[in-house]
Asks: 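Can you keep this structure in mind? I'll have questions shortly.
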Amino acid sequence: MSQQLLLNNGIPMPALGLGVFQSPPEETAAAVEAALIAGYRHIDTAAAYGNERQVGDGIRRSGIDRGEIFIETKVWVSDYGYGETLHAFEKATRKLGVDRIDLLILHQPAPDRFDRTIAAYRALQQLLADGKVRSIGVSNFMRHHLTDLLAQADVVPAVNQIELHPYFAQPDVQKANAEHGILTQAWSPIGGITFYPGWGEDRRNVLQDPVIAGIAAAHGRTPAQVMLRWQLQHGRSAIPKSTNPGRIAENFAVFDFDLTAEQLASIDALDTGVRNGPDPDVPRPLFERVIPED
Ligand code: A2P
């Protein structure tokens, strides 16, 4: 069993996808294949992850028809600009080995070059009009970025993918998305960003949270499954990352139980309002990273 969400342009998207951020290229094809065998039909990657080629390999290895799989990828900041972003689409499709992308999004707003961010979005609109992508969107856009974008855009983004786990739920961005008919998609949906090795040993690991552990025990489920249920029952898309076949399957076994309204509220109450990932308003040297042609 799976679950579909309808994007604002009528395209159905599987709510739960496999994330491949930080999946080493040599492990990515196997993870994608394992996910597709486990029932996933949505894979989320990015030019900046350096593993689009391996995502394509995993899809082909699975033997599952391309038409059944929803492929989402992201344009990196160094490719922002109208012509550059049209070219980024060519790079992405070449690496993925596909003609069309189901959802192409801007990886983040670039506050130091917002005019190029807008030009990049205009290129996405053109790709959509040309039928080269089925839907377009953004990632890491805060309310004010959405306001600025929408003042100049013709197409409302279908999706805004943001850091979203129980310790950082960004209610205001979720509200802004909802006001515009943009679907909220959670990155780090089980809070990987709160425990990635080397990303700050002092961080509180949401996977070890006692409230979530209590709810998991009550349902005979794992904390990761409870967090994914929380995402889905709030109507969000989520893209948990794993390269471990057991955990990939575990993260998809979430369509046969329900959290109560009280349990959802007690997870909502865990929000600390403190971001774990990069601040979308701060330009980073990483913006200059060049995305290879092949
Ligand atoms: P691994 O790839 O070894 O499974 P997020 O998507 O929220 O950022 O979380 C990703 C992190 O969580 C990765 O470190 C991943 O490691 C780990 N992970 C994924 N699924 C589970 C799970 N079901 N239980 C525990 N850890 C998980």
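In each ligand, atom 1 is the first atom listed, and ligand 1 is the first ligand listed. Since the model is a prediction, treat every value here as computed from it, not as a measurement. Positions are given from 1 along the sequence.
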Asks: State whether the shortest distance between N or O atoms of Ile190 and N or O atoms of ligand 1 falls below 3.5 angstrom.
Replies: yes
Asks: Backbone or side chain, does any N or O of Pro240 fall under 3.5 Å from an N or O of ligand 1?
Replies: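 No, Pro240 has no N/O under 3.5 Å of an N/O on ligand 1.
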Asks: Not counting sequence neighbours, which residues clear side-chain hydrogen bond (donor to acceptor under 3.5 Å, both in side chains) with Asp271? List them please.
Replies: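 Testing Asp271 for side-chain hydrogen bond (donor to acceptor under 3.5 Å, both in side chains), a comparison that skips the adjacent residues, returns none.
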Asks: Would a hydrophobic clustering, with Ile, Leu, Val, Met, Phe, Trp and Tyr connected at side-chain separations under 4.5 Å, put Val156 with Ile105?
Replies: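 In one cluster: no.
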Asks: Below a 4.0 angstrom heavy-atom separation, can you tell me which part of Ser23, side chain or backbone, both or neither, approaches ligand 1?
Replies: neither
Asks: Under a 4.0 angstrom heavy-atom cut-off, which atoms of ligand 1 come close to Pro189?
Replies: 6 (O), 7 (O)
Asks: Hey, is ligand 1 close enough to Gly191 that some N/O pair sits below 3.5 Å?
Replies: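 It does: an N or O of Gly191 is found under 3.5 Å from an N or O of ligand 1.
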Asks: With a heavy-atom distance limit of 4.0 Å, tell me whether Thr222 approaches ligand 1 through its side chain, its backbone, both, or neither.
Replies: neither
Asks: State whether a side-chain donor-acceptor pair under 3.5 Å links Gln225 with His219.
Replies: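 Side-chain D/A pair, Gln225 to His219: absent.
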Asks: With heavy atoms only and a cut-off of under 4.0 Å, state how Lys241 meets ligand 1: side chain, backbone, both or neither.
Replies: both
Asks: Taking only Lys NZ, Arg NE, NH1 and NH2, and the carboxylate oxygens of Asp or Glu, determine whether Glu52 and Lys91 approach each other closer than 4.0 Å.
Replies: no
Asks: Between Arg113 and Glu288, does any side-chain N to carboxylate O distance fall below 4.0 Å?
Replies: yes
Asks: Would you call Arg66-Asp102 a salt bridge at under 4.0 Å N-O?
Replies: yes
Asks: Of the listed options (Ala186, Gly192, Ala31), which comes nearest to atom 9 (O) of ligand 1 when hydrogens are ignored and any heavy atom counts?
Replies: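 That would be Gly192.
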Asks: Side chains of Asn160 and His180 only: does a donor on one sit below 3.5 Å from an acceptor on the other?
Replies: no
Asks: Please determine if Ser242 has a nitrogen or oxygen closer than 3.5 Å to a nitrogen or oxygen of ligand 1.
Replies: yes
Asks: Do Gln185 and Asp44 have side-chain N/O donor and acceptor atoms under 3.5 Å apart?
Replies: no
Asks: Mark up the atoms of ligand 1 that fall under 4.0 Å of a heavy atom belonging to Ala224, in ascending order.
Replies: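 Matching atoms, with element in brackets: 22 (C), 23 (N).
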Asks: Do other residues, nucleotides or ligands put more than 12 heavy atoms under 6.0 Å from Glu262 CD?
Replies: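 Counting other residues, nucleotides and ligands, CD of Glu262 stays at 12 neighbours or fewer.
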Asks: Can a non-hydrogen atom of Phe195 be found less than 4.0 Å from any atom of ligand 1?
Replies: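 It does, in that a heavy atom of Phe195 comes within the 4.0 Å cut-off of ligand 1.
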Asks: Could you establish whether Leu207 and ligand 1 come within less than 4.0 Å of each other, counting only heavy atoms on the residue side?
Replies: yes
Asks: Would you check whether Gly19 reaches within less than 4.0 Å of ligand 1, judged by its heavy atoms?
Replies: no
